[in-house]
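Here the structure comes first, spelled out in structure tokens, and everything after it is commentary.
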Amino acid sequence: MGRPSLVGSCVRPRQAGFTYIGLLVAVVILGIALAGIGRVWRTQAQREREQELLFIGREFQAAIGSYYSSGGHQYPQSIDDLLEDKRWPEPRHHLRRLYADPMTGAPDWTLLQAAGAGIMGIASSSQQEPIKKSGFPKDEEAFADAKSYNDWQFTYVPHYGWRRHAASAPPASD
């Protein structure tokens, strides 16, 4: 038999050490990449919820306008009145369903009361700061100054039509 080779015994421990360090570096890089992807995903999900809030706000606004103009020029007393308007022999449905606030995940809307009586609009109950700060349609330009989603207020003002405004800009009075 011969002597064991010293070359083979010295190389293996060094290769194992480099492999371990390489694996640790790969895990750190993967962790950083996943954290970045998580932030991007969370931001994209919030942007989608913002678009949903704008859609639902407009739906509520149109339903309030429909309720107001369909009889008596009065605002609904509750959201239930939008779901089933019992002022008529055949109940009318101004709103298809009770939407949940996309920012909170619950139907916990802030109801905006009219000066006389009833609900003239809704707003999200979320105090989270919006990502969207510009690019709003003309009737929603006040949303650009909003500090929270609760400032995105969707109201119906009868002789002005549909109005969307931020909490800092109250609607014109009758």
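- The nearest pair of heavy atoms linking Leu111 to Ile79 is CD2-CD1, 3.5 Å.
- Thr110 is linked by a side-chain hydrogen bond (donor to acceptor under 3.5 Å, both in side chains) to Asn150, counting only residues two or more places apart in sequence or in another chain.
- Remark: Ala106 pairs with Thr104, Asp108 by the side-chain contact (heavy atoms from CB on, under 4.5 Å) rule, at least two apart or across chains.
- Rounding to the nearest 0.5 Å places OG of Ser124 at 8.5 Å from OH of Tyr149.
- Using a 4.5 Å cut-off on side-chain heavy atoms (C-beta onward), Tyr156 and Met120 make no contact.
- Between Gln46 and Met103, some side-chain heavy-atom pair lies under the 4.5 Å cut-off.
- Remark: Ile56 CD1 to Gln61 CD distance equals 13.5 Å, nearest 0.5 Å.
- Val28 belongs to a hydrophobic cluster whose other members, connected by ILVMFWY side-chain contacts under 4.5 Å either directly or through intermediates, are Ile32.
- Take Glu90 and apply the side-chain contact (heavy atoms from CB on, under 4.5 Å) test, not counting sequence neighbours, and it matches no residue.
- Listed by first and then second residue, the salt bridge (charged side-chain N to carboxylate O under 4.0 Å, His left out) pairs involving residues 41-53 amount to none (not counting sequence neighbours).
- Take Arg87 and apply the salt bridge (charged side-chain N to carboxylate O under 4.0 Å, His left out) test, not counting sequence neighbours, and it matches Asp85.
- Among residue pairs with one or both ends in residues 95-107, those qualifying as salt bridge (charged side-chain N to carboxylate O under 4.0 Å, His left out) are Glu59-Arg96; sequence neighbours excluded.
- At distances below 3.5 Å, at least one donor-acceptor pair connects side-chain atoms of Thr43 with backbone N or O atoms of Arg39.
- A distance of 12.0 Å separates CD1 of Ile29 from CG of Leu34, quoted to the nearest 0.5 Å.
- Contact of the Leu54 side chain with the Phe143 side chain is registered, since non-hydrogen atoms from C-beta on lie closer than 4.5 Å.
- Residues Leu98 and Leu83 form a side-chain contact, since some pair of their non-hydrogen atoms from C-beta on lies under 4.5 Å apart.
- Here the closest heavy-atom approach between residue Pro76 and residue Leu82 is recorded as CG-CD2, 3.7 Å.
- Here the closest heavy-atom approach between residue Gln153 and residue Ala123 is recorded as CG-CB, 3.8 Å.
- Annotation: side-chain contact (heavy atoms from CB on, under 4.5 Å) contacts of Ser134 (sequence neighbours excluded): none.
- Here ring pair (Phe, Tyr, Trp, His ring centres under 6.0 Å) pairs that include residues 33-61, with residues two or more places apart or in two chains, are Phe60-Trp109.
- Atom OG1 of residue Thr19 and atom CG of residue Leu24 lie 11.0 Å apart, to the nearest 0.5 angstrom.
- Within the structure, the ring pair (Phe, Tyr, Trp, His ring centres under 6.0 Å) test picks out the following pairs touching residues 86-107 (sequence neighbours left out): Tyr67-His94.
- Residues Tyr68 and Ser70 are not in side-chain contact: their nearest non-hydrogen atoms beyond the backbone lie 4.5 Å or more apart.
- Two residues are said to be in side-chain contact when any heavy atoms from C-beta on lie closer than 4.5 Å; Phe154 and Glu140 meet this criterion.
- Legend: residues meeting salt bridge (charged side-chain N to carboxylate O under 4.0 Å, His left out) with Glu84, ordered by chain and number and at least two apart, are absent.
- Side-chain contact between Trp152 and Pro130 is present, with heavy atoms from C-beta onward closer than 4.5 Å.
- The two residues Pro158 and Tyr75 come nearest to each other via the heavy atoms CD-OH, 2.9 Å.
- Evaluation of the salt bridge (charged side-chain N to carboxylate O under 4.0 Å, His left out) test over residues 122-138, restricted to residues two or more places apart or in two chains, returns Glu129-Lys133.
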